[in-house]
Amino acid sequence: MSETLQKVQSKQEILALEEAVGHPLAHDLTQVIPATHYKGPRFKKGYVVKEEDLETLRSMGREHLAILHLDEGEVHEDDAALRLAAGLTGVGVDCEGPGEGKCSLRAEHRGLLAFDAEMVHAINADSEWIVATLPPHIPVEQGEVVASFRIRPLWTTEEHVAAAEALAEPIGVQPFLPLKTGLVTTGRELAEGRVEDAFRPRLERKLDY
């Protein structure tokens, strides 16, 4: 038995449906819908049970659930991701999630991605965390995912979360500003049209980008 599985099993507790509200699931729950021949995961491991889920769970034949019981000082993966998101979400990006402990940042507009790469390396030095980003100082498009991050285990300790929060700095997208460009062309041969101006078309293409 793996160490991870042993840790999960040590945290399991079986509760009646109503008592499970507000607690994270210890396992995936599969739903079968005979009318549509559907069979697949309906609730993922780590999902926090809500009051509105009870009717669906009963239709799946569930009267009791195996939930994760976290002790004081332990943080669920979704809560950990949201806390890091608060420090990483800068101007010009929108945070999506969490889902299974993962959050993503999307550019709200076209612009230049700006953040400190060393900050990301520092957070990733803790093996509990995974932070992946596009390279800094590159142009990004509206709606593009510029960063994603998650905590590796289903739960972690307050110390791991607080350490990441202390390191976190905003990841943002700076909008491109509409600036005027002037071009001074010299040379009589150009002015008289005897030589074709090859530089202006190149400059116009770059400005169009």
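All values below come from the heavy atoms of this structure, side chains included, with hydrogens, waters and symmetry mates left out.
The shortest distance between side-chain heavy atoms of P139 and R110 does not fall below 4.5 Å. F115 places none of its side-chain heavy atoms less than 4.5 Å from the side chain of V146. The closest side-chain heavy-atom distance from L105 to F149 is below 4.5 Å. A 4.5 Å side-chain heavy-atom check between T181 and L179 finds every atom pair outside the cut-off. Side-chain contact check for D126 versus L167: every heavy-atom pair is 4.5 Å or farther apart.
The line from CD of E144 to CD1 of I138 is 6.5 Å long, rounded to the nearest 0.5 Å. Distance check, rounded to the nearest 0.5 Å: CZ of F43 to OG1 of T56 gives 5.0 Å. With rounding to the nearest 0.5 Å, the separation of CG in L57 from CD in E18 is 10.0 Å. In this structure, CD in E74 is found 11.0 Å from CD in E158, a value given to the nearest 0.5 Å.
When all heavy atoms of R83 and E165 are compared, the pair lying nearest together is NH2-OE1, 2.9 Å. In plain terms, the two heavy atoms of L113 and P135 that are nearest each other are CD2-O, 3.5 Å. Here the shortest heavy-atom pairing between E77 and R150 reads OE1-NH2, 3.9 Å. Considering every non-hydrogen atom in both E169 and L88, the closest pair reads O-CD2, 3.5 Å. Taking every heavy atom of both residues into account, P136 and A117 meet most closely at CG-CB, 4.2 Å. Here the closest heavy-atom approach between residue G101 and residue D78 is recorded as N-OD1, 2.7 Å.
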* Asked: Could you walk me through whether E128 and T157 pass the side chain to side chain contact (heavy atoms under 4.5 Å, CB included) check?
  -> CA-CA 10 Å; E128 296 271 288; T157 64; 5.8 Å; no
* Full working for side chain to side chain contact (heavy atoms under 4.5 Å, CB included) between R58 and L17 -> CA-CA 8 Å; R58 289 192 185 97; L17 283 185; 3.5 Å; yes
Taking distance alone, no hydrogens or angles, what donor-acceptor pairs closer than 3.5 Å link side-chain atoms of residues 89-96 to residues at least two apart or in another chain?
from	atom 1	to	atom 2	distance (Å)
T89	OG1	A85	O	2.7
E96	OE1	R106	NE	3.1
E96	OE2	R106	NE	2.8

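In terms of hydrophobic clustering, with Ile, Leu, Val, Met, Phe, Trp and Tyr side chains grouped at heavy-atom distances under 4.5 Å, L54 and L29 are assigned to a common cluster. Placement of L134 and V131 within a single hydrophobic cluster is found when ILVMFWY residues are connected by side-chain heavy-atom separations under 4.5 Å, directly or transitively. When the side chains of ILVMFWY residues are joined at heavy-atom separations under 4.5 Å, either directly or via intervening members, L154 and I151 end up in two distinct hydrophobic clusters. Clustering ILVMFWY residues whenever any of their side-chain heavy atoms sit less than 4.5 angstrom apart, transitively, puts I67 in the very cluster that holds V21. L82 and V48 fall into different hydrophobic clusters, where Ile, Leu, Val, Met, Phe, Trp and Tyr side chains are chained together by heavy-atom contacts under 4.5 Å.
With W129 contributing its side chain and H160 its backbone, the two residues share a donor-acceptor pair below 3.5 Å. At distances below 3.5 Å, at least one donor-acceptor pair connects side-chain atoms of R152 with backbone N or O atoms of S127.
No more than 12 heavy atoms of other residues, nucleotides or ligands lie within 6.0 Å of CD in E55, so this atom counts as exposed by the packing criterion.
When each of L15, D53, I14, V49 is paired with L65, the side-chain contact (heavy atoms from CB on, under 4.5 Å) condition holds for V49 and for no other.
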